[in-house]
Amino acid sequence: MAAQKPSVPKGTRDFSPVEMVKRNFIFDTIKEVFKQYGYLPIETPAMENLSTLLGKYGEEGDKLLFKILNSGDYLSKVKSDLSEAESNKLALEISEKGLRYDLTVPFARFVVQHRNDITFPFKRYQIQPVWRADRPQKGRYREFYQCDVDVIGSDSLLNEVELIQIIDQVFQLLNINTLIKLNNRKILLGIAEMIGEPDKFIDITVAIDKLDKIGREKVNEELSAKGIDESAIEKLNPIFVLSGSNKEKLGSLREVLKDSEIGLKGIEEVETVLNYFETLEIKTELELDLTLARGLNYYTGAIIEVKAKDAEIGSICGGGRYDDLTGIFGLKDVSGVGVSFGADRIYDVMEQLDIFPKEIVASTKVMFVNFGLNEEAYCLPLVQKLRKAGINAEIFPESAKMKKQMTYANNKNIPFVVLVGENEMQEEMLTVKEMVTGDQSKMTFEQLLEKLS
RNA sequence: GUGGUUGUAGCUCAGUUGGUUAGAGCGCCGGAUUGUGGUUCCGGAGGUCGUGGGUUCGACCCCCAUCAUCCACCCCA
């Protein structure tokens with residue numbers, strides 16, 4: 001058989017040891033913070049029934065689902081005429097499972113399915129890969145990790161506050177400068193009501209979401225293309241040029257939305273959340289951004305998005321409140337709120353800014369050079385003792401040339417190398433070399449142990 | 001799904017109007033140094049020029065197709 005060039009599917013990647021160490025650093029810090037606030041881990045399968053997934057992410061989302069072909073002779077069971085079948089319909093006949101698109105919908109399914117074993121409010125975190133059949137590009141992959149934290153079964157705005165604290169803490173620990181953008185779907189709904197187009201709500205939010213990207217003119221064009229009439233668009237414009245502090249924005253909004261019950265509710269919610277941060281100290285800037293819409297359909301209240309200030313990439317964290325996600329699966333009146341950290345984008349930002357702590361790369365602290373059978377027998381117990389003392393240690397597995405062994409230690413960033421040959425064994429001493437400086441000295445094992453602890 | 005970019009050594013890239021044997025840096029292997037890596041010096045291996053077809057006396061170079069890649073749109077972490 002001819003050798004084929006090996007490759008991985010479009011938009012997926014292998015991770016080398018160095019990359020994994022850095023990725024784990026991100027996962028570990030995020031996880032640490034989640035635990036600190038009392039969140040518990042769960043996992044769900046990579047694949048879900050398509051019926052669970054379809055219709056939750058909007059029309060675009062459905063297209064981006066990876067579908068899994070049924071096992072066996074799936075074609076023989078197809079009822080529709082193949083030559084005329086629409087791909088979409090056919091897909092449902094030959095595929096009943098799909099790869100998860102996010103962690104929120106599987107979580108909702110999980111909650112409904114296990115409702116009897118869960119005490120509410122339920123605080124969980126979940127760190128797993130998700131898959132989207134998107135075209136890959138900068139900061140966009142087809143397989144990527146989301147780190148979700150959600151509270152379900154509690155309406156309290158305290159949860160929103162807590163999530164913002166978590167975001168603040170995570171990015172402070174990772175040393176990334178961020179801006180947290182906050183908005184509320186109820187405000188957007190109020191606006192849609194106010195201009196007399198409540199049923200065009202989705203179109204309106206999608207269009208205004210692009211405001212800072214394509215500008216007001218283009219947004220207006222898009223709105224009228226969606227069938228919203230000029231006078232309504234006129235009314236919309238003053239809202240998006242609101243400026244000043246968050247308080248000032250809320251003040252003028254309250255004026256504009258005074259006839260919309262839902263809009264006022266949204267304003268009140270945002271205000272409540274922001275008020276908590278008058279006394280609660282966080283480092284990250286919180287900005288009310290009325291153009292923040294978010295495409296996911298299931299959000300009903302607060303929406304949150306986090307941008308890295310010093311890097312050009314999409315949002316690195318996002319989320320919001322969903323009042324009725326579990327309703328679709330038959331459990332009514334259970335509101336949840338959560339955010340998702342995009343680990344891969346966070347990685348890209350940190351790589352770009354070169355802010356990974358240098359010390360995380362060294363995994364082995366000390367390596368013993370192997371000089372031969374006698375020497376390795378002598379060293380093995382010493383290596384074991386170091387490990388028991390919690391020091392990462394290894395011995396080179398064969399008595400290869402010194403150059404090879406030293407190069408190995410060097411490439412692996414091992415800071416200490418121990419040399420034990422005939423002389424050292426007789427003297428019961430070790431020659432210890434510090435790789436960074438190149439200095440080396442003789443010492444007893446006890447001295448080495450002390451040096452490394 | 002739409003538009004564009006780029007495919008040459010393990011990696012990053014040169015390569016003249018289309019002309020004989022396709023180059024560099026880094027990395028890798030060996031030696032200088034059989035008990036010393038990272039620095040220095042010397043040597044070496046490594047290429048069906050993405051793939052398939054076409055034009056031509058002759059193609060890395062021109063044309064077509066195809067695959068891959070990256071970027072933008074849509075949407076999103």
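In what follows, chains are A, B, ... by sequence order, proteins preceding strands, each numbered from 1.
B/A77 atom P lies 17 Å from atom CZ of A/Arg142, rounded to whole Å. Distance, A/Asp62 CG to B/G1 P: 16 Å, rounded to whole Å. Atom C1' of nucleotide B/U2 and atom CD of A/Glu60 are separated by 12 Å, given to the nearest angstrom. The interatomic distance linking A/Asp439 (CG) with B/G38 (P) rounds to 17 Å, in whole Å. Atom pair A/Arg132:CZ and B/G1:C1' shows a separation of 17 Å (rounding to whole Å applied). Across the protein-nucleic acid pair, A/Asp344 atom CG and B/C76 atom P stand 18 Å apart, rounded to whole Å. Taking atom CD on A/Glu143 and atom P on B/C76, their separation rounds to 21 Å, with Å as the unit. Rounded to whole Å, the distance from NZ on A/Lys138 to C1' on B/C75 is 18 Å.
The phosphate of B/A72 (OP1 or OP2) has a side-chain N or O of A/Gln137 nearer than 4.0 angstrom.
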Legend entry - B/S/- contact track for nucleotides 30-36 of chain B, protein heavy atom under 4.0 Å: -S---BB

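Here, B/U48 and B/U36 have their P atoms 39 Å apart, quoted to the whole Å. Nucleotides B/A9 and B/A22 are separated by 11 Å at their C1' atoms, to the nearest Å. Taking atom C1' in both B/A45 and B/U51, one finds a spacing of 27 Å when rounded to whole Å. Using C1' as the reference atom, B/C11 and B/U16 are 26 Å apart when rounded to the nearest Å. A gap of 7 Å separates the P atoms of B/U39 and B/G27, to the nearest Å. Only the P atoms considered, B/A72 is 15 Å distant from B/U5, to the nearest whole Å.
Within 6.0 Å of NZ on A/Lys309 lie more than 12 heavy atoms contributed by other residues, nucleotides or ligands.
Judged by distance alone with a 3.5 Å cut-off, a donor-acceptor contact links the side chain of A/Arg345 to the base of B/C76. One N or O donor and one acceptor, one from the side chain of A/Asn410 and one from the base of B/G37, sit under 3.5 Å apart. A donor-acceptor contact under 3.5 Å links the side chain of A/Arg135 to the base of B/U2.
Taking each heavy atom of A/Leu188 and A/Leu292 in turn, the nearest pair found is CD1-O, 3.7 Å. Nearest heavy-atom pair across A/Thr52 and A/Val105 is O-CG1, 3.6 Å. Between A/Tyr145 and A/Arg23 the shortest heavy-atom distance is CD1-NH2, 3.3 Å. Contact detail for A/Leu103 and A/Arg124: the closest heavy-atom pair is O-NH1, 3.8 Å. Here the closest heavy-atom approach between residue A/Glu48 and residue A/Pro106 is recorded as OE2-CB, 3.4 Å.
A/Glu96 is linked by a salt bridge (charged side-chain N to carboxylate O under 4.0 Å, His left out) to nothing, counting only residues two or more places apart in sequence or in another chain.
Residue-level contact check: A/Gly139 touches the bases, meaning some heavy atom is under 4.0 Å from a base atom. Contact annotation for A/Cys317: backbone-only contact, meaning every heavy-atom pair under 4.0 Å involves sugar-phosphate atoms and none involves a base. Using a 4.0 Å heavy-atom criterion, one finds that A/Tyr145 contacts no nucleic acid atom at all. When heavy atoms are screened at a 4.0 angstrom cut-off, A/Val436 is found touching base atoms of the nucleic acid.
Using a 4.0 Å cut-off between charged side-chain N and carboxylate O, A/Glu269 and A/Arg321 make no salt bridge. A salt bridge links A/Glu434 with A/Lys451: the distance from a Lys NZ or Arg NE/NH1/NH2 to an Asp or Glu carboxylate oxygen falls below 4.0 Å. Using a cutoff of 4.0 Å between basic side-chain nitrogens and carboxylate oxygens, A/Glu19 and A/Lys22 are not scored as salt-bridged. Classification of A/Asp102 and A/Arg132 as a salt-bridged pair fails, no side-chain N sitting under 4.0 Å from a carboxylate O. Here A/Lys123 pairs with A/Glu162 in a salt bridge; the nearest charged N to carboxylate O distance falls below 4.0 Å.
Sorted by first and then second residue, the ring-ring contact (aromatic ring centres under 6.0 Å, His included) pairs with a member in residues 422-453 of chain A form an empty list; sequence neighbours excluded.
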Identify all pairs in which a protein N or O lies below 3.5 Å from an N or O of nucleotides 43-45 of chain B, and state each distance.
none

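Contacts between residues 168-175 of chain A and RNA chain B, defined by a heavy-atom separation under 4.0 Å, are absent.
Ring geometry for A/Phe396 versus A/Tyr408: interplanar angle over 60°, hence perpendicular rather than tilted (30 to 60°). Ring pair A/Phe356/A/Phe25 is perpendicular by interplanar angle, where above 60° counts as perpendicular and below 30° as parallel.
Consecutive Watson-Crick or G-U pairing (both distances under 3.5 Å) extending over three or more pairs maps onto RNA chain B as B:1-4 with B:70-73, B:10-13 with B:23-26, B:28-32 with B:40-44, B:50-54 with B:62-66.
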Inset, instruction - Go through A/Gln126 and A/Asp148 one step at a time and tell me if the side-chain hydrogen bond (donor to acceptor under 3.5 Å, both in side chains) criterion holds. - result: CA-CA 5 Å; A/Gln126 187 173 356; A/Asp148 271 40; over 6 Å; no

